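Working notes for the structure below.
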Protein chains: 2
Amino acid sequence: MMRISTKGRYALRIMLDLAQNDDLGPVALREISERQNITPKYMESIMSMLLRDKLVQSLRGKAGGYQLTRKPEEYPIYEILSCAEGGLAPVHCLAMEENECPIRRTCLTIPVWEGLHQVIKDYLSGITLKALIEQGANCV
Amino acid sequence: MMRISTKGRYALRIMLDLAQNDDLGPVALREISERQNITPKYMESIMSMLLRDKLVQSLRGKAGGYQLTRKPEEYPIYEILSCAEGGLAPVHCLAMEENECPIRRTCLTIPVWEGLHQVIKDYLSGITLKALIEQGANCV
DNA sequence: TGCATGTTAATATAATATATAGACACGCCT
DNA sequence: AGGCGTGTCTATATATTATATTAACATGCA
């Protein structure tokens, strides 16, 4: 049904939470999960994806936790969502081998999906964590 | 994972097939299903959605089948995909009651989903069945 | 050494998408 | 009137994916 999944929505909220709270050092998973009302164990699996793509860094041991690796204005949210969703191409075809789909060469719909992907990418690449936080500050 | 589902992809191919083949009268489901390699029974459920939204009309009896209700240039593909997908809003939140989500009022991510929906809508509304067919004719 | 943190792999549960089956309704044609 | 070829409807089965949980482990500071 072409919906951003829970993973993507959570990931964005987690990154926003970090942007607003990691000034004083690493933030524990537990803390974020309570603030954002996300079960800790599920959040773990999201964190591991963000880590793999180096969107966050982690510190173990007491006083450990997670921190952003860049400044909030350097995170286009396309990167965050694409990471958590496993890509944002609207159809599988786009990632397939040329010969995997028998009608690929004559399929009239391929250009639609390519164009749609581009439009989505452009839009989400134009928004940063910082922009979202500032906009939120203005509207309350 | 934010993917157009099989229903949406099939629906678009079915509508393109009709646009290219219904000049001489109704086209039988069986015929389309063979050309498009879609199982007839599954295709039925897609046709019923297209019918409900009056994107096609049907005729029973011998020589019956389906036909477009408008000219191909009068079908923005947003309508077709939205029909088959059950809407194209990228998150459930947008369709929810104001109070259904406890953080709705302060959620920083809502504007992202609203904007994303709009961008998708604008793009797909600008493409018609006719445009796709003509573009296909040019590139082979 | 002990505790509070993060890490990994495996599994369970729930939701949704995809596909199928069977009984029925309609309308042309002979 | 009857039969065949079409579409229609409701229910169900199967497969896939998303969501969440469990348990065992690794690390680092005090």
Side-chain angles (χ1 to χ4, degrees), chain A residues 1-11 13-14 18 22 25-34 36-67 69 81 83-92 95, chain B residues 1-11 13-14 18 22 24-34 36-69 81 83-88 90-92:
Chain A
M1 210 191 161
M2 180 92 156
R3 290 247 170 97
I4 293 283
S5 71
T6 308
K7 273 203 170 107
R9 298 198 320 273
Y10 282 1
R13 279 168 50 201
I14 288 166
L18 277 172
D22 75 349
V27 186
L29 186 148
R30 190 55 171 259
E31 226 184 283
I32 302 177
S33 85
E34 280 170 7
Q36 297 298 328
N37 201 30
I38 300 172
T39 70
K41 282 295 182 182
Y42 191 45
M43 185 171 151
E44 264 181 34
S45 62
I46 296 170
M47 295 318 293
S48 79
M49 292 188 288
L50 297 174
L51 264 180
R52 179 164 21 84
D53 285 10
K54 298 213 170 53
L55 298 179
V56 300
Q57 59 195 353
S58 66
L59 219 72
R60 301 202 194 201
K62 198 155 190 171
Y66 298 92
Q67 250 180 326
T69 54
L81 292 171
C83 168
E85 293 281 311
L88 287 175
V91 294
H92 178 221
Chain B
M1 211 193 161
M2 181 93 158
R3 289 248 169 96
I4 293 283
S5 72
T6 307
K7 273 204 170 105
R9 298 198 319 273
Y10 283 1
R13 280 168 49 201
I14 289 166
L18 278 172
D22 75 349
L24 308 174
V27 185
L29 185 148
R30 191 56 172 259
E31 224 183 286
I32 302 177
S33 85
E34 280 170 7
Q36 297 298 327
N37 200 30
I38 300 171
T39 71
K41 279 295 184 183
Y42 191 44
M43 186 172 151
E44 260 182 41
S45 62
I46 296 170
M47 295 318 295
S48 81
M49 292 187 289
L50 297 173
L51 264 179
R52 180 166 18 85
D53 284 10
K54 297 212 170 54
L55 298 179
V56 300
Q57 60 195 353
S58 65
L59 219 72
R60 301 205 195 197
K62 199 157 191 172
Y66 298 93
Q67 253 181 324
L68 297 186
T69 54
L81 292 170
C83 167
E85 293 281 311
L88 286 176
V91 294
H92 178 220

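Just so it is clear: chains get the letters A, B, ... in the order the sequence lines come, proteins before strands, and each one is counted from 1. All values below were derived from every heavy atom in this structure, side-chain atoms included, with hydrogens, water molecules and symmetry-related copies excluded. This is a predicted model, so every value here is computed, not measured.
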Legend entry - Sugar-phosphate or base contact per nucleotide [nucleotides 25-30 of chain D; S, B, -; heavy atom under 4.0 Å]: -BBB--

Legend entry - Protein-to-nucleotide contact annotation, 5' to 3' order, nucleotides 16-24 of chain D [B base; S sugar-phosphate only; - none; under 4.0 Å, heavy atom]: --SBBBBB-

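Remark: A/T69 engages A/Y75 in a side-chain hydrogen bond (donor to acceptor under 3.5 Å, both in side chains) (not counting sequence neighbours). For B/R30, the salt bridge (charged side-chain N to carboxylate O under 4.0 Å, His left out) criterion is met by B/E34, not counting sequence neighbours. Under the rule for a side-chain hydrogen bond (donor to acceptor under 3.5 Å, both in side chains), the partners of B/R13 that lie at least two apart in sequence or sit in another chain are B/Q36.
At whole-Å resolution of the value, CG in B/L51 and C1' in C/dC26 are 14 Å apart. Put simply, CD on A/Q57 is 17 Å from C1' on C/dT7, counting in whole angstrom units. Taking atom CD1 on B/I46 and atom P on C/dA19, their separation rounds to 9 Å, with Å as the unit. As rounded to whole Å, 18 Å separates atom P of C/dA17 from atom CD1 of B/I38. Put simply, CE on B/M49 is 11 Å from P on C/dA17, counting in whole angstrom units. The CG atom of B/L29 sits 13 Å away from the C1' atom of D/dG5 (whole-angstrom rounding). Between the C1' atom of C/dT5 and the CD atom of A/Q67 lies a distance of 14 Å, rounded to the nearest Å.
Applying the side-chain hydrogen bond (donor to acceptor under 3.5 Å, both in side chains) test to residues at least two apart or on different chains, the pairs with a partner in residues 43-54 of chain A are A/K41-A/E44.
B/G8 and B/A84 make their closest contact through CA-CB, 3.9 Å (heavy atoms, listed as atom of the first residue, atom of the second, distance). A/E85 approaches B/M1 most closely through the heavy-atom pair O-CG, 3.0 Å.
A heavy-atom distance below 4.5 Å is not found between the side chains of B/Y66 and B/L50.
When each of A/D22, A/V27, A/L51 is tested with A/V56 by the rule side chain to side chain contact (heavy atoms under 4.5 Å, CB included), just one qualifies, namely A/L51.
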